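Notes for the one structure printed next.
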Number of protein chains: 2
Amino acid sequence: MAKRQARFTTQDLEGLPELEDESPALWDGSLGDVPRKLLTSAVRCFASNGFHATTTRDISSAVGLSPGALYVHFPSKEVVLFEIIRTAHQRVLAYVTEPAVLGIEDPVRHLQALVARYTSWHARYHVAARVSQYELAGLSAEHYEEILETRHRTNDVFRAAVERGVTTGAFADVDVKRVSRAILSLGIDLVRWYRRDGTDSPGQLGEFTAQLALKMAMTPDLDLGPAPLGTPAASSA
Amino acid sequence: MAKRQARFTTQDLEGLPELEDESPALWDGSLGDVPRKLLTSAVRCFASNGFHATTTRDISSAVGLSPGALYVHFPSKEVVLFEIIRTAHQRVLAYVTEPAVLGIEDPVRHLQALVARYTSWHARYHVAARVSQYELAGLSAEHYEEILETRHRTNDVFRAAVERGVTTGAFADVDVKRVSRAILSLGIDLVRWYRRDGTDSPGQLGEFTAQLALKMAMTPDLDLGPAPLGTPAASSA
DNA sequence: GTCTATATGGCGATAGAC
DNA sequence: GTCTATCGCCATATAGAC
């Protein structure tokens, strides 16, 4: 009845990602050395075992501290999780709303830049991003609401970019809500499978995903009928 | 310091999905009534609070049983999780490998049918599918490996379908691995946001996603240069 | 700020009556 | 097969010395 499996070793393409160090560029520069190390340790623990399966001992002992030391720097384990998720969400939003990006006139180049940045950020910081996407249920209701607000701001950036391309005629007449949702899905789901030692660098994956996004937005709908055999998903019972 | 938040009520489009009953068509018909009810209860608990934050008391009390009753039907909480994830993965694989689907000659119609089925299944059973995607870390190493094998079989079905379209010339000369991965991402990520009371029925979402998949596979690569401003994801520090 | 020691409570799983 | 009662364990978080 092993309570936690340390599955750090037996990874697979579909498994949990390896856990390289993303700390230097991720955390706020005003943070002290020990809090930063604790956050980095927590990211690794949460990503591999999940928030609830991670103990405060796991987090602190990985950086050579005793169990109680964590509470000098953070009031609770939940706040550690919140700091991780908040930082990641704010970084992503800032990265796709830099003035130079928002100012791109051509709708095609604009969406291309947005998707490339969104995707490559998630790839570059895929371990922290994984925690940000998978462990939202560990947050308190208040912290959860705060994260949701940031997410909506980010989503709106993409929605507006697709909308602009459709209204200006640069894109095909696609469903804005469903297409922008699909684009975000491509950028988010990679935290499930991305590995730094795979064939794609974050930048390459960003460029490729931007291509896919533009194909979805610029190609007119095909006039196929419904899928053969229908899709009565309940028939598999 | 609420250990668990019962966030059943304050949902959002980005939040946890509502928890309708998916049981009748999902579980094995040979299962007794009580085990089926326990599995359904566990799906709801795991989906809203996560595996580790769910207690065996949560699962059993939701169906009007005492804490110990669960162990008459399942040897451990982990096995309950395994049964859920195993059933879902096997159902999906079976649904996209029905002979009538595999026998579709036209590569375009074949991929369309695959994506429509894969997507609509995940939408139809999105609560159980969410557990299957988000709670893999709760499995034992052995059970995890078994699930991975089923996943690979499913992934290979999509990879082969894209490959065939490319080699026969029905699709554009796209990167098979990356495109099939993106298609699977669209089908999987919906478990994060799908709601039964949204605008799309499972069938409609399946048809739309199949359209997107075909756009990705059939549209030749655009000859855009790299995204403006590059994608140096580390510059957001 | 870090340590050791511990308070406090809840969890998974079992025992034994009915 | 279900119940009540409980065991043994470990979690988060705190107290107080250094």
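First the proteins, then the strands, lettered A, B, ... as listed; each starts at 1. All figures in this text were calculated on a predicted structure; none of them were measured in a lab.
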Can you say whether the rings of A:Phe82 and A:His143 are parallel (under 30°), tilted (30 to 60°) or perpendicular (over 60°)?
-> parallel
Nearest heavy atoms of B:Val63 and B:Ser41, plus distance in Å |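 Where B:Val63 meets B:Ser41 most closely, the heavy atoms are CG1-CB, 3.7 Å.
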Note: A:Asp156-A:Arg153 ion pair, threshold 4.0 Å (strictly below) = no
Rounding to a whole Å, what distance do you find between [X]:[atom1] and [N]:[atom2]?
X: B:Leu31; N: D:dG1; atom1: CG; atom2: P; result: 12 Å
X: B:Tyr71; N: C:dG12; atom1: OH; atom2: P; result: 6 Å
X: B:Phe74; N: C:dG12; atom1: CZ; atom2: P; result: 15 Å
X: B:Phe51; N: C:dG12; atom1: CZ; atom2: C1'; result: 10 Å
X: B:Leu38; N: D:dG1; atom1: CG; atom2: C1'; result: 12 Å
X: A:Glu78; N: D:dA11; atom1: CD; atom2: C1'; result: 16 Å
X: A:Asn49; N: D:dC10; atom1: CG; atom2: C1'; result: 16 Å
X: A:Leu70; N: C:dG1; atom1: CG; atom2: P; result: 13 Å

Close N or O pairs between protein and nucleotides 2-5 of chain D (under 3.5 Å):
from  : atom 1 : to      : atom 2 : distance (Å)
D:dT2 : OP2    : B:His73 : NE2    : 2.6
D:dC3 : OP2    : B:Ser66 : N      : 2.5
D:dC3 : OP2    : B:Ser66 : OG     : 2.7

Contacts of type side-chain contact (heavy atoms from CB on, under 4.5 Å), residue A:Thr97, not counting sequence neighbours |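 With sequence neighbours excluded, A:Thr97 shows a side-chain contact (heavy atoms from CB on, under 4.5 Å) to A:Leu93, A:Leu102, A:Val157, given in chain and number order.
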Taking only residues two or more places apart in sequence or in another chain, which ones pass side-chain contact (heavy atoms from CB on, under 4.5 Å) with A:Glu135?
->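 Applying side-chain contact (heavy atoms from CB on, under 4.5 Å) to A:Glu135 gives A:Phe51, A:Leu81, A:Val131.
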Does any N or O in the side chain of A:Arg117 come within less than 3.5 Å of the main-chain N or O of A:Tyr95, such that one atom is a donor and the other an acceptor?
->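 Pair found, side chain donor or acceptor close to backbone of A:Tyr95.
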